[in-house]
**Student:** 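Quick one: the structure is below, questions incoming.
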Amino acid sequence: MSNHHLDLMEFTDTDIDAIETKAPGPSGSLPLTDEMLRNSPSGHLFGLSQNVGMGWQPNKLNGKQVLMLSTQGGMKDQNGDPVALGYHTGHWEVDMLMKEAAMEVHRAKGVPFSAYVSDPCDGRTQGTTGMFDSFPYRNDAAQVYRRLIRSLPTRNAVLGIATCDKGLPAMMMALVSMHDLPTVLIPGGVTLPPASGEDAGKIQTIGARYSNDELSLKEAAELGCRACATPGGGCQFLGTAASSQVVGEALGLSIPHAALAPSGQDIWKEMARKSSLAVIEMIEKKWTTKDIITNESIKNAMVVHAAFGGSTNLLLHIPAIAHAAGCDIPTVEDWIEVNRKTPRMVSVLPNGPDNHPTVRAYLAGGVPEVMLHLKELGLLHLDVMTVTGKTLKENLEWWEHSSRRAEMKQRLWDADKVKAEEVIMSPERARERGLTSTITFPVGNLAPEGSIIKSTSIDPEVIDEDGIYYHKAKVKVFTSERKAIEAIKSRDIQKGDMMVVTGCGPLGTGMEETYQLTSALKHLSYGKYVTLLTDARFSGVSTGACIGHIGPEGLANGPIGKLKNGDIVEVYVDTHNLTGHLHFLGTENHQVSPEEGSNILKRRRQNPDIQPSEKLPDDTRLWAELQKVSGGTWKGSVYDVDRIIEVLRAGEKALENELVTVNNK
């Protein structure tokens, strides 16, 4: 910073005599009618005054009103250079999408409005207390979006423009809850990878690799500088941001071939314009969101998620979207059925087998290309409606024969010399390349409510010829992510170790994302031989033998919170049949059966070192309790208002009875 200082005694830059105290106001007159003045709410009339006060022409006030909500962050000058930074590339360029969409509304003689609820960056908050606000933020943002929509009573439709890990799921939750309004989702696209360097997922491990002498200071500095090669869009891998874009399109909430477009480019801007046309047609034809988001479209989204090999965080977000839409909430059994039936057929970062960036998945055909394969397998509900006003079947028929499809694939070859069918494969080709279905849900005496592992991400070298990952070892228990990453950086974790990180569920840390750990294990030479068990969650780019969402969490008297250093734990994951278990089997000197192990854990007390973080914000503590009584993480960590009110009233009554009992003594 410079040595400039503020002298409150010397305000001399402004001509005080130039201060105005009145103005003539906009010219013209409002397009009022007798009926409006007699019957319209005063808010509608005053809204017209506000509109012209902001510069809108009075003779253009009668068009259909389209509210555009976005996650925009940061501030640019007229050249597009930063005046104030945003939190991440994902919301840095969405203002460009807003403008493209708004201009299309202008051309249709509509009246666009815009409002903003920005979002945090999970990459920026990794390993910090900022992560304690990450997952709870989603519910907060969805709530504010809904309030903003309702606070513009004259809106005829809503466009939602969002990109990343929490802002995009929040936007979808808000849009699908507007059952009687037309809504369309405009995904914010992806950033490009550097021509030479590392992607934004791998680059987050430079600290761990440097600490283990696997990277020099010069390499870390130079690679880190290049990782985000373009200024806008979600990260280049199929993490939560990209997976959420895919799911939004699979729901029918976005126009075809919208997800994963390269941010800032003409093809990306075109998508915003076409999305505006879609919502305008929805207004004219009186199509609404409830026509699009149904139990069948939710199922389609689950199937497409599995086919892409998407982030496990979507197992938290899709149930929340279903809840907001008034649809059936998927159960664990539903997820298991979908993942068993659906082959993974997309080869991208971080799962591979070839680590293509997401922009290549877009050029290879994106969501509609994957859906064509799923259609042939009979795994999709093809009669669902989409925001195009056409059924999914009709959209796919267009895509299959479109020149756009062929041109995109040709561009992928011309630009990167990559064949589209090596990024989005046929089911037969995917099997030949060893791609397996996405997610396994291990149970057992350590996870009676269940757990999640992205089984596609386990290194093939540690999976046997039958597709089995097996690890039995003494555990090293950590009661915070900070202690666990310190152990990795100080080389206390070795090949063959099994790490347990507990106390990091909703009650402990807001269910923080532990990508700092999983990424370190992926990119350290010995990491593939280490198993991680936790009641926290993982980033969508996480890979390896990492099992999360273990329930109940340690602070809810879950078995994982009763493990001690040196306990024997067995991990078994069948990556072909998507079955698995996590069992505590006693100690090295006294090994027991899973049933005996369960009884021992029931008698054990919770690890006394497990406590909610002393820095856990009150906002997050409240969120944790509200989502807990609403069904917890396996129901999407939503707010079930009726259930919350029921519990509060029961608690009030119990306290009243307790007071009466005390007074009668």
Side-chain angles (χ1 to χ4, degrees), residues 1-2 54-56 66-107 112-124 141 159-168 171 184-200 203 222-237 239 241-242 244-245 254 258-277 357-360 362-363 411 415:
M1 300 289 285
S2 71
M54 289 182 280
W56 203 260
V66 177
L67 172 60
M68 300 182 302
L69 293 175
S70 92
T71 55
Q72 180 186 341
M75 188 186 307
K76 307 183 191 74
D77 64 16
Q78 291 181 341
N79 298 322
D81 296 324
V83 173
L85 292 170
Y87 286 21
H88 55 92
T89 60
H91 64 209
W92 179 248
E93 288 187 333
V94 294
D95 58 320
M96 298 163 65
L97 287 176
M98 296 279 276
K99 289 175 183 175
E100 295 291 334
M103 292 309 297
E104 201 62 52
V105 175
H106 274 271
R107 284 187 279 273
F113 287 76
S114 66
Y116 313 91
V117 181
S118 197
D119 53 356
C121 174
D122 282 358
R124 188 179 290 275
L159 287 169
I161 304 170
T163 306
C164 278
D165 292 21
K166 301 304 173 298
L168 182 47
M171 185 69 77
V184 173
L185 178 70
I186 302 178
V190 299
T191 189
L192 299 184
S196 175
E198 296 181 351
D199 67 89
I203 209 65
E222 291 178 351
L223 290 169
C225 191
R226 294 196 298 271
C228 298
T230 51
C235 292
Q236 311 106 327
F237 45 78
S244 296
Q245 293 186 36
S254 297
L260 312 181
S263 181
Q265 299 190 35
D266 288 343
I267 193 81
W268 174 78
K269 295 176 184 177
E270 178 192 57
M271 178 262 299
R273 296 192 295 271
K274 297 294 186 184
S275 298
S276 272
L277 291 175
T358 42
V359 69
R360 290 182 181 169
Y362 176 76
L363 291 172
R411 179 58 191 156

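All values reported here derive from a predicted model rather than from experimental measurement.
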**Student:** List the atom of Pro187, the atom of Ala258, and the distance in Å for their closest heavy-atom pair.
**Tutor:** CG-O, 3.6 Å
**Student:** Just one of Leu185, Val184, Ile186 clears the side chain to side chain contact (heavy atoms under 4.5 Å, CB included) bar with Ser254, so which one?
**Tutor:** Leu185
**Student:** With side chain to side chain contact (heavy atoms under 4.5 Å, CB included) as the test, pick out the partner of Pro112 among Glu104, Lys99, His106.
**Tutor:** His106
**Student:** Quick one: closest heavy-atom pair of Leu260 and Ala242, and the distance?
**Tutor:** CD2-CB, 3.7 Å
**Student:** Taking all heavy atoms of Pro262 and all of Leu192, pick out the closest pair and write down the distance.
**Tutor:** CB-CD2, 4.1 Å
**Student:** For Glu270, is there an ion pair with Arg273 - N to carboxylate O distance below 4.0 angstrom?
**Tutor:** no
**Student:** Would you indicate whether the side-chain heavy atoms of Pro357 and Arg360 approach each other to under 4.5 Å?
**Tutor:** yes
**Student:** Tabulate below the donor-acceptor pairs under 3.5 Å that side-chain atoms of residues 89-98 make, not counting sequence neighbours, or state none.
**Tutor:**
| from | atom 1 | to | atom 2 | distance (Å) |
| --- | --- | --- | --- | --- |
| Thr89 | OG1 | Gly233 | O | 2.7 |
| His91 | ND1 | Thr71 | O | 3.4 |
| His91 | ND1 | His88 | NE2 | 3.2 |
| His91 | ND1 | Ser118 | OG | 3.1 |
| His91 | ND1 | Asp119 | O | 3.4 |
| His91 | ND1 | Asp119 | OD1 | 2.8 |
| His91 | NE2 | Tyr87 | N | 2.8 |
| Glu93 | OE1 | Ser263 | OG | 2.6 |
| Glu93 | OE1 | Gly264 | N | 3.4 |
| Asp95 | OD1 | Lys76 | NZ | 2.8 |
| Asp95 | OD2 | Lys76 | NZ | 3.2 |

**Student:** Mind checking the CG-NZ spacing from Leu277 to Lys274? Nearest 0.5 Å is all I need.
**Tutor:** 6.0 Å
**Student:** How close do Ala241 and Cys164 get, counting heavy atoms only, and between which atoms?
**Tutor:** CB-CA, 3.7 Å
**Student:** Output all residues satisfying side chain to side chain contact (heavy atoms under 4.5 Å, CB included) with Pro194, sequence neighbours left out; order by chain, then residue number.
**Tutor:** Arg226, Ala229, Gln236
**Student:** Can any side-chain N or O of Asn79 pair as donor or acceptor with the backbone N or O of Asp81 at less than 3.5 Å?
**Tutor:** no
**Student:** For the atom pair OG (Ser275) and CG (Leu159), what is the distance rounded to the nearest 0.5 Å?
**Tutor:** 7.0 Å
**Student:** Could you report the tightest heavy-atom contact between Tyr362 and Ile267, atom names first, then the distance?
**Tutor:** OH-CG1, 3.2 Å
**Student:** Roughly how far, to the nearest 0.5 Å, is the SG atom of Cys235 from the CG atom of Asp165?
**Tutor:** 7.5 Å
**Student:** Distance from Met103 atom CE to Lys269 atom NZ, nearest 0.5 Å?
**Tutor:** 13.0 Å
**Student:** Mind checking whether Pro193 and Asp199 have side chains closer than 4.5 Å, heavy atoms only?
**Tutor:** no
**Student:** So which of Val190, Thr230, Thr191 actually passes side chain to side chain contact (heavy atoms under 4.5 Å, CB included) with Val359?
**Tutor:** Val190
**Student:** Just how far is it from atom CZ of Phe113 to atom CH2 of Trp56, taken to the nearest 0.5 Å?
**Tutor:** 8.0 Å
**Student:** Let me confirm one number: the CG-CE distance from Leu69 to Met171, rounded to the nearest 0.5 Å.
**Tutor:** 5.0 Å
